[in-house]
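Single-structure report; data block below.
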Amino acid sequence: MSRGRPQKVADQIQRDLAEVIRRELQDPRFALVTLTSVDASPDLSHAIVYFTCLERAQAEAAGKALQRAAGFLRSSLAKRIKMYTTPALRFKYDESVERGAHLSQLIDSVLPKR
């Protein structure tokens, strides 16, 4: 995606959603959730929010809880970002952090010890 308006809006959505989740949602399933990135559609009607959890076992429950809270999060986002329409939010677990850690372990296991 180019570094135009959709990317700038996606970055702002990520910052604002992280703040709303941290301050306004009291559900313990959100305690260890980190938003890693947001991809906004070119017309800004949809946004995919990628998240990760400290423990992989919590990812499914956190994803369902985030999807259930999507309406509240979208309305909170509308109050913070002044746009004609606020993007519909979809949440997906980001496996890139997990894959990176696994690749790092593989590399460390092959390298000789000093």
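Since we're looking at a predicted model, the values are computed, not measured. Reckoned from all heavy atoms, side chains included, excluding hydrogens, waters and symmetry mates.
- Looking at Arg56, Lys64, Gln58 one by one, the single match for side chain to side chain contact (heavy atoms under 4.5 Å, CB included) with Glu60 turns out to be Lys64.
- A distance of 12.5 Å separates CG in Leu77 from CD in Glu19, rounded to the nearest 0.5 Å.
- In summary, the side chains of Asp94 and Thr52 do not present any donor paired with an acceptor at a separation below 3.5 Å, with no hydrogens or angles considered.
- The hydrophobic clustering, which links ILVMFWY residues whose side-chain heavy atoms are closer than 4.5 Å, places Met83 and Leu17 together.
- Distance check, rounded to the nearest 0.5 Å: CG of Asp11 to CD of Gln14 gives 6.5 Å.
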Under the side chain to side chain contact (heavy atoms under 4.5 Å, CB included) criterion, do Phe91 and Leu73 qualify, and how do the steps go?
CA-CA 11 Å; Phe91 295 91; Leu73 293 171; 3.6 Å; yes
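- Considering CG of Asp16 and CD1 of Ile21, their distance stands at 11.0 Å, rounded to 0.5 Å.
- At a threshold of 4.5 Å between non-hydrogen side-chain atoms, the residues Val49 and Arg90 do not count as touching.
- Atoms CD and CG, on Gln67 and Leu89 in that order, are 8.0 Å from each other to the nearest 0.5 Å.
- No donor-acceptor pair under 3.5 Å is formed between the side chain of Ser37 and the backbone N or O of Tyr50.
- For Thr86 (side chain) and Arg74 (main-chain N/O), no donor-acceptor pair under 3.5 Å exists by modelled atom type.
- To the nearest 0.5 Å, atom CD1 of residue Ile48 and atom CD1 of residue Ile13 are 11.5 Å apart.
- Looking at Val38, Leu44, Asp43 one by one, the single match for side chain to side chain contact (heavy atoms under 4.5 Å, CB included) with Pro6 turns out to be Leu44.
- Put simply, the side chain of Val20 reaches to within 4.5 Å of the side chain of Arg80, judged on heavy atoms.
- Counting heavy atoms from C-beta outward, His46 and Pro87 have side chains that stay 4.5 Å or more apart.
- A continuous path of Ile, Leu, Val, Met, Phe, Trp and Tyr side chains, each step under 4.5 Å between heavy atoms, connects Phe72 with Val33, placing both in one hydrophobic cluster.
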Evaluate side chain to side chain contact (heavy atoms under 4.5 Å, CB included) for Phe51 paired with Lys92, printing each intermediate quantity in order.
CA-CA 6 Å; Phe51 71 95; Lys92 286 191 176 180; 5.6 Å; no
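- Rounding to the nearest 0.5 Å gives a distance of 15.0 Å between CZ of Phe30 and CZ of Arg22.
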